2 protein chains.
Amino acid sequence: MPDADKQAANFQRVREAHQVEVAEDYVELIADLIEATGEARAADIARRLGVSHPTVVKAIGRLQRDGLVESLPYRSVFLTESGRAMAERSKRRHEVVLGFLKALGVADETAERDAEGIEHHVSDETLSAFERFIRDSR
Amino acid sequence: MPDADKQAANFQRVREAHQVEVAEDYVELIADLIEATGEARAADIARRLGVSHPTVVKAIGRLQRDGLVESLPYRSVFLTESGRAMAERSKRRHEVVLGFLKALGVADETAERDAEGIEHHVSDETLSAFERFIRDSR
DNA sequence: CAAAACATATAGCCTGGGCTATAGTTCATT
DNA sequence: AATGAACTATAGCCCAGGCTATATGTTTTG
Ligand SMILES: [Mn+2]
Ligand SMILES: [Mn+2]
Ligand SMILES: [Mn+2]
Ligand SMILES: [Mn+2]
């Protein structure tokens, strides 16, 4: 059995990752929507996340409280500076993980499914290893 | 932007994975403790998960409700058949993911940290790709 | 074998992230 | 400009998974 403290620290880290996971997916999606359609509307966010509208409204409230988005009642959602920064990082990680799985020979659809979960648990070091693999396999 | 329905399905899948994630980590840890020390005590589980005792007690209750463990008041915890089966699968996945990250050149400590989160989001297909990579890199 | 130490359980609290049902706004169309 | 459709918000509910403080068992040990 591994060292207890180390093991506990690892589990704690995963729990922390879960706390930011929702925020990462939201800001990434919001950035994509703004880029693709000019604005991020709650209805579209809900549809793409596969979640009800009220769930999105509540989440937007938390994101706003945490300084990641700005939003006015009945208007679409905007990213703050720090929201944009998080979106950038998330998007990049998402793409690296996705590209890595594909480069490894995983089918596109599967890669897309798995990447959505894996992305939140990949450290910088592992991300670099993924990039290296992609580069070397080209 | 990806197809909305497909994207929603992917997010939903991740949410489902999160629902079984805690169960997987518990039963895997319980199996390890039983093997290593002869029994799985709540205090040890709490210590290794980095969580308070009451949190463990409540989780054990849910696991019992879901037919994964058996436990009597003030006694240690046992796995049911289906709990053992889940522990087997989880442990195997954990090991493959860990071995894969190491084979990719990630440092042991980092691999151990990342594996704890990634394991829950790896499909069978991706797991096979990981195994293939391990094999080929030996 | 009693007392202290330890382990476990319970009570009561909190937040996140889901939901449905209902109410209120905005926008497009006629 | 009025109305209907679409969107957004609010209210009120649920469960998972955290916590602290307190109570109750169990085990060890003097
Ligand atoms: Mn993503
Ligand atoms: Mn994701
Ligand atoms: Mn594990
Ligand atoms: Mn895990």
Side-chain angles (χ1 to χ4, degrees), chain A residues 4 8-27 29-30 33-34 37-78 116-117 120, chain B residues 4 8-27 29-30 33-34 37-78 116-117 120:
Chain A
N10 290 349
F11 281 119
Q12 237 145 9
R13 209 188 140 93
V14 175
R15 286 196 295 274
E16 281 162 27
H18 282 146
Q19 295 210 317
V20 289
E21 173 157 355
V22 172
E24 289 177 342
D25 285 336
Y26 268 86
V27 297
L29 178 55
I30 289 167
L33 283 169
I34 290 176
T37 73
E39 61 180 358
R41 310 189 64 88
D44 294 330
I45 297 172
R47 185 165 23 252
R48 300 197 96 95
L49 289 178
V51 120
S52 74
H53 311 146
T55 294
V56 169
V57 170
K58 242 202 240 178
I60 299 286
R62 286 191 297 269
L63 295 177
Q64 189 158 23
R65 178 201 63 191
D66 298 342
L68 293 167
V69 308
E70 271 163 17
S71 90
L72 297 174
Y74 294 101
R75 296 268 89 104
S76 67
V77 184
F78 299 91
E116 197 54 74
H120 310 281
Chain B
N10 290 348
F11 281 119
Q12 236 144 9
R13 208 188 140 96
V14 175
R15 286 195 295 274
E16 281 163 27
H18 283 145
Q19 295 211 316
V20 290
E21 174 157 355
V22 172
E24 290 177 341
D25 285 336
Y26 268 86
V27 296
L29 178 54
I30 289 167
L33 283 169
I34 289 175
T37 74
E39 61 181 358
R41 309 189 65 86
D44 295 331
I45 297 172
R47 187 168 19 256
R48 299 197 95 94
L49 289 178
V51 120
S52 74
H53 311 147
T55 294
V56 169
V57 171
K58 243 202 241 180
I60 300 286
R62 285 191 298 269
L63 295 177
Q64 189 157 21
R65 178 201 62 193
D66 298 342
L68 294 166
V69 308
E70 270 164 18
S71 91
L72 297 173
Y74 294 101
R75 294 269 93 103
S76 67
V77 184
F78 299 91
E116 198 54 74
H120 310 281

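Here is the naming used below: chain letters follow the sequence lines, and residue numbers restart at 1 for every chain. In this text, all values refer to a predicted model and were calculated from it rather than measured experimentally.
In this structure, B:Arg62 reaches the bases: a heavy-atom distance under 4.0 Å links it to at least one base atom across the strands shown. Note on B:Pro73: only backbone sugar-phosphate atoms sit closer than 4.0 angstrom, heavy atoms only; bases stay farther off. A:Arg65 comes within 4.0 angstrom of the backbone, heavy atoms only, and of no base. Nucleic acid contact for B:Val56: none, since no nucleic acid atom lies under 4.0 Å from a heavy atom of the residue.
For the pair A:Leu72 CG and C:dT25 P, the interatomic distance rounds to 15 Å; values are reported in whole Å. Atom CD in A:Glu21 sits roughly 15 Å away from atom C1' in D:dG17 (whole-Å rounding). One interatomic measurement links the two molecules: NE2 of B:His18 to P of C:dG16, which rounds to 16 Å at whole-angstrom precision. One can place OH of B:Tyr26 at 13 Å from P of D:dA16, the figure rounded to the nearest angstrom. Straight-line distance from the CZ atom of B:Arg41 to the C1' atom of C:dT8: 9 Å, rounded to whole Å. Atom CG in A:Leu33 sits about 15 Å away from atom C1' in D:dC7, given to the nearest Å. The distance from atom CD1 of A:Ile60 to atom P of D:dT8 is 10 Å, rounded to the nearest whole Å. Whole-Å rounding puts the B:Leu63 CG to D:dG17 P distance at 9 Å.
Of the candidate nucleotides C:dG18, D:dC7, C:dA21, C:dG18 has the atom lying nearest to any side-chain atom of B:Arg15. The side chain of A:Lys58 lies closest to C:dC19, out of D:dC19, C:dT8, C:dC19. Here D:dA21 is the nucleotide among D:dA21, C:dA7, C:dC19 with the atom lying nearest to any side-chain atom of B:Pro54.
When the side-chain nitrogen and oxygen atoms of A:Thr55 are compared with OP1 and OP2 of C:dC19, one or more of them lie within a distance under 4.0 Å. Using a 4.0 Å cut-off, no side-chain N or O of A:Arg75 falls inside it from OP1 or OP2 of D:dT8.
The shortest heavy-atom contact between A:Asp44 and A:Arg47 is OD1-NH2, 2.6 Å.
A side-chain donor-acceptor contact under 3.5 Å links A:Arg15 to the backbone of B:Gly50. Under a 3.5 Å cut-off, the side chain of A:Arg48 and the backbone N or O of A:Leu33 do not form any donor-acceptor pair.
Between A:His120 and A:Glu24, some side-chain heavy-atom pair lies under the 4.5 Å cut-off.
Between atom OG of residue A:Ser76 and atom CD1 of residue A:Ile34 there is a gap of 7.0 Å, rounded to the nearest 0.5 Å.
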